[in-house]
Structures are given as C-alpha cells and as structure tokens.
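Quick notes on the structure that follows.
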Amino acid sequence: MRTGAAAGHTGYFHEAVLYSSTDELLDVVVPFLTGGLAAGEPTVVALGEAHSAAVRAALPAGAEVDYLTGGAMYARPAGAIHAYR
C-alpha cells in the first residue's frame, strides 16, 4: 500500500481507503495526516461526524487539520468536487 503523492507530483492529490472498522481507518489516516502536517502541507479530512471525531481524538492536540462536512453533498460526486474547488 502506498500513501502520498507520487514523486514529482504537483497539484492536488486525493487518496481513498477501504476499511471495515474505525481502527482500520485510523491505521491509515493518522499516519497520512501527521506526515502531511510534518511536511507543512495543508491537510483536510472529509468524513462523517463519528469518523471525524475519531480522527480528531487520535491526532495530537492542536493539529492544524481542516475538517469538512459532506452531508448530502456526496450524493453527487461532481457537485462535491466542484464545491471543494
């Protein structure tokens, strides 16, 4: 498994992960986010409330991560992409 943009990549990079439990999600998301923070990159989480809360709790206090709410926006992926741009 690889996380992070390919070497030499410029612009936005979006990762997705399949998981069957909150612990599996955190095993991938927390190192990905802390790596982005350490590199000085903007870090964004777009999850439902319960998973966002779990990520917040697992990250160091004061981690500068932006949390986006999706709600109904994800019913149409094109609309979500447009909104985030």
Under 6.0 Å from the CD atom of E49, do we count more than 12 heavy atoms belonging to anything else shown? no

Under a 4.5 Å cut-off applied to non-hydrogen side-chain atoms, are V65 and V55 in contact? no

If every non-hydrogen atom of L37 is compared with every non-hydrogen atom of E64, which pair is closest and at what distance? CD2-O, 3.4 Å

Measuring from atom OH of Y67 to atom OG1 of T43, what distance do you get when rounded to the nearest 0.5 angstrom? 7.5 Å

